[in-house]
> 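Questions regarding the structure given below will be posed in turn.
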There are 2 protein chains.
Amino acid sequence: MGYSIAEAARTSGLSIDTLRYYERINLLDPPARDAAGRRSYSDEDLAWLSFLTRLRTTGMPIRRMREYASLRRRGIASAGRRKAILVEQRAAVADRIAELQACLEVLDYKIANYEHLEQNIPAVQHEASA
Amino acid sequence: MGYSIAEAARTSGLSIDTLRYYERINLLDPPARDAAGRRSYSDEDLAWLSFLTRLRTTGMPIRRMREYASLRRRGIASAGRRKAILVEQRAAVADRIAELQACLEVLDYKIANYEHLEQNIPAVQHEASA
DNA sequence: AGTTGACCTGGAGCGCACTCCAGGTCGTAC
DNA sequence: GTACGACCTGGAGTGCGCTCCAGGTCAACT
């Protein structure tokens, strides 16, 4: 019943320092404490943490995650605004994927050029821009 | 013949300050100068710049781009190492796309939950972790 | 001749997201 | 009872990638 900060760090993939930092900046509600004053994370804490790390992975800035966290604290009434944030982030992620895919193509093209070079076939594009 | 720094900024999407910064850290070879000592970028400079911005878009750290730039200066002999960098970056980009796609799914799931909420259909997951 | 505006340099400053540190308190194992 | 290790706090420090600034030069326009 209750995970130590080390356990929370291990399961979330964040460092202990980062967990305390997230708490300090109000991303994480202060978890329960054990008799000795040590943090004791609940399953719910970990679930929220896991969602937060997902948002981080998408590149959402911490400022925005704080906004989301603060809305969440206000309960069901803020659901509309929270949804809007997620919808917006979804769009940003989709855009980012498209952008990366375009870069993949450029990389493939350049890599192919290097392969031609290796085979002594004249490169499609001159070396200067490779 | 030759683009001013303002033109180079416009076509690359970088700021003038960033162009000078890139030059300072040896990402960009110093461009030609006009009679008054102002930078004059060639088409080749712009092509290289455009490739650099692609690499940046993929999230390649500047340190690594500098390494690539320095290899490029050594000419054809470094082609193998340059190719290796691109191949590695290609893999990183592919991984990142996969990661983002997984996040998209989580977002879609959460958004669907909010939609259920709006329709008064009980959410699949309890509010606490939403 | 004077004003504007684009450009120049070296160097300082900034926002972000951590990360590290000193100095201290507990609880358990020897 | 003491050594150890995990944890605590407040605050300072770090690395990255720019971004901004002061003070200056130069060419073109009025």
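Keep in mind it's a predicted model, so treat the numbers as computed, not measured. A, B, ... follow the sequence lines: proteins, then strands. Residue 1 opens every chain.
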> Under the salt bridge (charged side-chain N to carboxylate O under 4.0 Å, His left out) rule, collect the residues that match up with R96(B), sequence neighbours excluded.
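Here the qualifying residues are E99(B).
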> What nitrogen or oxygen pairs link the protein and nucleotides 1-4 of chain C at under 3.5 Å?
none

> Answer yes or no: is there an ion pair linking E67(B) with R82(B), defined by an N-O contact shorter than 4.0 Å?
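No salt bridge links E67(B) with R82(B).
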> Tell me: CE of M60(B) to C1' of dC16(D), nearest whole Å?
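From M60(B) CE to dC16(D) C1': 16 Å.
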> Between W48(A) and Y68(A), how do the two ring planes meet: parallel, tilted or perpendicular, split at 30° and 60°?
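Plane angle under 30°, so parallel.
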> Report, one line per pair, each donor and acceptor closer than 3.5 Å where one atom sits in a side chain of residues 23-30 of chain B; sequence neighbours left out.
unit_1: E23(B); atom_1: OE1; unit_2: R39(B); atom_2: NE; d: 2.6
unit_1: D29(B); atom_1: OD1; unit_2: R73(B); atom_2: NE; d: 2.6
unit_1: D29(B); atom_1: OD1; unit_2: R73(B); atom_2: NH2; d: 3.4

> May I have the distance from R33(B) (atom CZ) to dC8(C) (atom C1'), rounded to whole angstrom?
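Distance check: R33(B) CZ to dC8(C) C1' gives 7 Å.
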> Report the distance from atom CD1 of I25(B) to atom P of dG11(C), rounded to the nearest whole Å.
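Rounding to the nearest Å, CD1 of I25(B) and P of dG11(C) are 17 Å apart.
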> What do the steps show when you test V106(B) against T58(A) for side-chain contact (heavy atoms from CB on, under 4.5 Å), and what is the final call?
CA-CA 11 Å; V106(B) 172; T58(A) 69; over 6 Å; no
> State the CG-CD distance between L100(B) and E105(B), to the nearest 0.5 angstrom.
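Taking CG in L100(B) and CD in E105(B), the distance rounds to 12.0 Å.
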> Rounding to an integer number of Å, can you tell me how far Y3(A) OH sits from dC7(D) P?
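Roughly 15 Å, once rounded to whole Å.
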> Counting only side-chain nitrogens and oxygens, does R39(B) get under 4.0 Å of the OP1 or OP2 atom of dC7(C)?
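For R39(B), the contact criterion (side-chain N or O under 4.0 Å from OP1 or OP2 of dC7(C)) is not met.
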> Tell me whether T57(B) contacts the main-chain N or O of T53(B) through its side chain, where contact means a donor paired with an acceptor under 3.5 Å.
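It does hold such a pair.
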> For E23(B) and dG17(D), what is the distance between atoms CD and P respectively, to the nearest whole Å?
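Value for this atom pair: 18 Å.
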> Measure from CG on L19(B) to C1' on dG17(D) and round the result to the nearest Å.
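In whole Å, dG17(D) C1' and L19(B) CG are 14 Å from each other.
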> Begin from the C-alpha positions of I76(B) and L117(A) and carry the test side-chain contact (heavy atoms from CB on, under 4.5 Å) through to its verdict.
CA-CA 9 Å; I76(B) 196 89; L117(A) 239 152; 3.1 Å; yes
> Under 3.5 Å, is there a donor-acceptor pair between the side chain of S12(A) and the main chain of A8(A)?
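Yes; judged by distance alone, with no hydrogens or angles, the pair exists.
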> Would you tell me if any nitrogen or oxygen in the side chain of S4(A) comes within less than 4.0 Å of OP1 or OP2 on dC7(D)?
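For dC7(D), OP1 or OP2 has a side-chain N or O of S4(A) closer than 4.0 Å.
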> For D45(A) and L49(A), run side-chain contact (heavy atoms from CB on, under 4.5 Å): C-alpha distance rounded to whole Å, both residues' side-chain angles, the deciding distance at 0.1 Å, then the answer.
CA-CA 6 Å; D45(A) 289 336; L49(A) 203 44; over 6 Å; no
> For R74(B), is there any backbone N or O sitting under 3.5 Å from a side-chain donor or acceptor partner on S78(B)?
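Looks like no, no N/O pair under 3.5 Å.
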> Does the pair R64(B)/E88(B) count as a salt bridge with the N-to-O cut at 4.0 Å?
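E88(B) and R64(B): salt-bridged.
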> Measure the angle between the two terminal helix axes of the helix from dA1(C)-dT30(D) to dC30(C)-dG1(D), five base pairs each, and quote it to 10°.
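Rounded to the nearest 10 degrees, the bend comes out at 10°.
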> Could you pull out the protein-nucleic contacts involving nucleotides 18-25 of chain C (nitrogen or oxygen on both sides, under 3.5 Å)?
unit_1: dC18(C); atom_1: OP2; unit_2: Y22(A); atom_2: OH; d: 2.8
unit_1: dC18(C); atom_1: OP2; unit_2: R56(A); atom_2: NE; d: 3.1
unit_1: dC20(C); atom_1: N4; unit_2: D17(A); atom_2: OD1; d: 3.4

> Using whole Å, report how far CG of L55(A) lies from C1' of dC16(C).
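Distance, rounded to whole Å: 17 Å.
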> Could you check whether any side-chain N or O of R66(A) sits under 3.5 Å from a backbone N or O of S70(A), counting only pairs where one atom can act as donor and the other as acceptor?
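Not confirmed, R66(A) side chain does not pair with S70(A) backbone.
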> List every contact pair, protein side and nucleotides 26-29 of chain D side both N or O, where the distance is under 3.5 Å.
none

> Quick check: does any side chain N or O of E7(A) sit under 3.5 Å from a backbone N or O of S4(A), one acting as donor and the other as acceptor?
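Yes: the side chain of E7(A) pairs with the backbone of S4(A).
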